[in-house]
Amino acid sequence: YRSVPPAIVHLVGGLLALFAADLISLLVAWEILAFSAFFLLPGASSTVGKSVRMRYITVQIIATVLFFIALVIHVGRADSVELTALHPMAQTFMLPALLIKAAVFPLHFWLTYAYPAASPRVTPLLSVFATKVGVVSAARLLRFAPAGFPVVAWLGAISAVVAVVFALKQHNGRRLL
């Protein structure tokens with residue numbers, strides 16, 4: 001029952017991210033998701049738990065810092081926190097933040113440790129919100145296509161193929177999520 005309060009907070013953070021009306025609300029939702037997931041992952045009683053938690057929170061903080069830099073650039077250039085396509089200069093910082101949050105290959109390394117380490121009750125909750133918020137955020141914020149090349153779409157397609165290949169090799173059901 002110790003995971004119920006952070007699970008509720010995680011659910012609220014995921015819903016806030018989906019219904020965010022501006023960039024600041026989305027950033028707050030990202031933070032709620034990151035810190036609630038930190039408490040949903042295995043505790044500090046084991047070495048593996050400490051390692052998984054620290055890797056997870058470190059990577060999420062890096063993504064949040066990149067998001068914040070993109071936010072500052074966007075507000076400075078567009079003078080708005082409206083949740084629309086970002087200023088092109090801001091997108092260069094938002095792209096890696098979203099790739100981390102969505103666990104797009106090759107920035108998915110945090111995910112392969114976090115999900116299997118979580119309890120069976122927590123893994124589906126993390127699976128529902130942790131990466132899907134990154135995908136939805138990317139759809140709302142990025143129009144990144146240098147020279148007409150849809151970078152995010154191709155990275156997503158490559159990630160999907162890599163995920164299928166790794167899934168076919170996997171024998172642990174929890175690692176499939």
Side-chain angles (χ1 to χ4, degrees), residues 6 9-41 50-115 117-118 125-160 162-163:
V9 171
H10 197 75
L11 177 66
V12 168
L15 293 174
L16 177 61
L18 293 176
F19 296 113
D22 57 52
L23 291 167
I24 295 171
S25 299
L26 184 59
L27 181 61
V28 169
W30 273 35
E31 283 302 295
I32 291 171
L33 282 168
F35 284 103
S36 61
F38 177 79
F39 291 106
L40 288 169
L41 291 170
K50 286 180 190 176
S51 172
V52 167
R53 280 177 131 186
M54 290 312 296
R55 178 175 305 184
Y56 184 90
I57 201 67
T58 301
V59 169
Q60 296 303 317
I61 288 171
I62 291 168
T64 301
V65 167
L66 291 167
F67 186 119
F68 185 74
I69 292 169
L71 172 69
V72 169
I73 292 170
H74 180 72
V75 169
R77 302 286 178 170
D79 199 30
S80 170
V81 292
E82 189 177 331
L83 198 57
T84 59
L86 294 175
H87 185 275
M89 185 180 283
Q91 288 188 34
T92 58
F93 288 94
M94 186 59 83
L95 179 62
L98 291 168
L99 294 179
I100 289 169
K101 193 69 164 176
V104 174
F105 181 81
L107 300 175
H108 70 295
F109 61 90
W110 61 270
L111 179 101
T112 58
Y113 292 96
Y115 285 9
L125 182 65
L126 292 174
S127 177
V128 167
F129 287 111
T131 55
K132 292 3 169 237
V133 165
V135 172
V136 171
S137 298
R140 295 172 84 179
L141 297 174
L142 293 181
R143 303 293 182 266
F144 193 75
F149 186 75
V151 174
V152 178
W154 278 100
L155 289 172
I158 291 167
S159 288
V162 169

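In this text, all values refer to a predicted model and were calculated from it rather than measured experimentally.
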*Among Thr64, Val65, Leu66, find the residue that satisfies the side chain to side chain contact (heavy atoms under 4.5 Å, CB included) test when tested with Ile62.*
Leu66
*If you round to the nearest 0.5 Å, how far is CG of Leu33 from CG of Leu40?*
10.0 Å
*Minimum heavy-atom distance between Ser25 and Ala21, given as atom pair plus value*: CB-N, 4.4 Å
*Atom of Ile32, atom of Val9 and distance for their closest heavy-atom approach*: CG2-O, 3.5 Å
_His74 to Ser80 - nearest heavy-atom pair and separation_ = CD2-O, 3.2 Å
*asked:* Are the side chains of Ser137 and Phe67 in contact, using a 4.5 Å heavy-atom criterion?
replied: no
*Check whether more than 12 heavy atoms from other residues, nucleotides or ligands sit under 6.0 Å from atom CZ of Phe38, and answer yes or no.*
yes
*asked:* Return the CD to CD distance between Glu31 and Gln60, rounded to the nearest 0.5 Å.
replied: 9.0 Å
*Considering all heavy atoms, the nearest Leu86-Gln91 contact*: O-NE2, 2.7 Å
*Passes side-chain contact (heavy atoms from CB on, under 4.5 Å), Leu41 versus Leu126? Steps please.*
CA-CA 9 Å; Leu41 291 170; Leu126 292 174; 3.8 Å; yes
*The single option from Thr58, Ile57, Val59 passing side chain to side chain contact (heavy atoms under 4.5 Å, CB included) against Ile61*: Ile57
*At their closest point, which heavy atom of Ala90 faces which heavy atom of Ile73, and how far apart are they?*
N-CG2, 3.7 Å
*Pairwise distance CZ(Phe35) to OH(Tyr56) - rounded to 0.5 angstrom*: 10.5 Å
*Using side chain to side chain contact (heavy atoms under 4.5 Å, CB included) as the criterion, point out the one residue from Met54, Arg55, Arg53 that pairs with Ser51.*
Arg55
*Hey, could you give me the OG1/CE distance between Thr92 and Met94, rounded to the nearest 0.5 Å?*
10.5 Å
*Nearest heavy-atom pair of Ser36 and Pro6: which atoms, and what distance?*
CB-O, 3.6 Å
*How long is the span from the CG atom in Leu18 to the CG atom in Leu26, to the nearest 0.5 Å?*
9.5 Å
